[in-house]
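Below is one structure, written out as structure tokens, with a few remarks after it.
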Number of protein chains: 2
Amino acid sequence: MSNAEVCCSPVTERPMSAEEAETAARMFKALGDPVRLRLFSAVASHEGGEACVCDISDVGVSQPTVSHHLKKLKEAGLLTSERRGTWVYYRVEPAVLAAMGRLLVGSSAGALT
Amino acid sequence: MSNAEVCCSPVTERPMSAEEAETAARMFKALGDPVRLRLFSAVASHEGGEACVCDISDVGVSQPTVSHHLKKLKEAGLLTSERRGTWVYYRVEPAVLAAMGRLLVGSSAGALT
DNA sequence: CGTCTATGTTGACGCTTGTCGATTCAGGTG
DNA sequence: CACCTGAATCGACAAGCGTCAACATAGACG
């Protein structure tokens, strides 16, 4: 259900419809908070493309707040989570980065590594 | 002063610092509202890369609200404005799209058209 | 100058959001 | 089982945000 597939043609191609904008804005909004952006970057740059909460929770806010932001990122379709024993691991939804990049630069930014 | 040059290395490269996140989040936040995203797309996709307010103000909200959102986009460094006679024209700051794209996909998405 | 049109600004309103402390849940360990 | 640690949820609060109607400003035109 991740918004990645649905959304969208590049912003420079034609004016976005209300529906497209609604979907895309939800993803941008999720990255529109400094703490969330740091958490997201921490996960995305972590080895293996995934990280335990304990690895990334040092962003200067309380533990409930970290949990809250991770939930938001998950709801936006940017992260997925999985519990393994004591710890919970978050990983980046790969298609999302490509989709958002394509939305901005239009070109073949969809070509992933 | 546009945030484009300052910001940043790709999110997947290393965890963002608090300062980087603050800067980048401001740009994502600006695109995190459906109405603003539609306005931005309308300008970006308009011929010549610029548009008069009168050309794009049909997004379902009142005129003051349109003006308010355009101001926000301007403050975020995504748009610039210029008055020419009766009308005010907005245009996309070109480096910004490339910078945000690079932030997401990491690759050589900076290569513009 | 007076008036008309195109944008911007102000002030107010309700809703959303980021944050925390307290609590709860989940799993491991003794 | 009791206890401890990692993580999520709850409840509350202040701050921020999107929206509008009313008003203000800027330029064109008579």
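Values in this document were obtained by computation on a predicted structure and should not be read as measured data.
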Task: Presence of A:Lys29 side-chain N/O under 4.0 Å of C:dT17 phosphate oxygens OP1/OP2 - done: yes
- [ ] Any chance you could measure A:Glu47, atom CD, to A:Asp55, atom CG, to the nearest 0.5 Å?
- [x] 8.5 Å
Task: Close side-chain approach of B:Phe28 to B:Met100, heavy-atom, < 4.5 Å - done: yes
Task: Between C:dT7 (C1') and B:Leu39 (CG): distance, integer Å - done: 14 Å
Open item on the list: Is there a side-chain contact between B:Leu31 and A:Leu104 in this structure, where contact means two heavy atoms from C-beta onward sitting under 4.5 Å apart?
Closed with: yes
Open item on the list: Expressed as a whole number of angstroms, how long is the span from A:Asp55:CG to D:dA7:C1'?
Closed with: 14 Å
Open item on the list: D:dC20, OP1 or OP2 - any side-chain N/O from B:Ser62 closer than 4.0 Å?
Closed with: yes
Open item on the list: Do A:Arg14 and A:Glu20 have side chains that approach each other closer than 4.5 Å (heavy atoms only, starting at C-beta)?
Closed with: yes
Task: N or O in side chain of A:Tyr90 less than 4.0 angstrom from D:dA8 OP1/OP2 - done: yes
Task: Residue A:Val61, side-chain atoms from C-beta onward, closest of C:dG8, C:dT19, D:dG18 - done: C:dT19
Open item on the list: Tell me whether the side-chain N/O atoms of A:Thr86 come closer than 4.0 Å to OP1 or OP2 in D:dG6.
Closed with: no
Task: Distance test, side-chain N/O of A:Lys71 to OP1/OP2 of D:dT9, below 4.0 Å - done: yes
TODO: Using a 4.5 Å cut-off on heavy atoms from C-beta on, say whether the side chain of B:Glu13 contacts that of A:Ser45.
DONE: no
- [ ] On DNA chain C, check which nucleotide each of A:His69 and A:Arg83 is closest to and give me the residue with the more 5' one.
- [x] A:His69
Open item on the list: In whole Å, I'd like the distance from the CG atom of A:Asp33 to the C1' atom of C:dT19.
Closed with: 11 Å
Open item on the list: Does a side-chain N or O of A:Arg84 approach OP1 or OP2 of C:dG27 to a distance below 4.0 Å, or not?
Closed with: no
Task: Side chain B:Gln63 and base C:dG8 donor-acceptor under 3.5 Å - done: yes
TODO: Return the nearest nucleotide to the side chain of A:Cys54; candidates are C:dT7, C:dA22, D:dA7.
DONE: D:dA7
- [ ] Give a yes/no on whether any side-chain N or O of A:Ser67 is located under 4.0 angstrom from OP1 or OP2 of D:dA8.
- [x] yes
Open item on the list: What is the distance, to the nearest angstrom, from the CD atom on B:Glu75 to the C1' atom on D:dG18?
Closed with: 14 Å
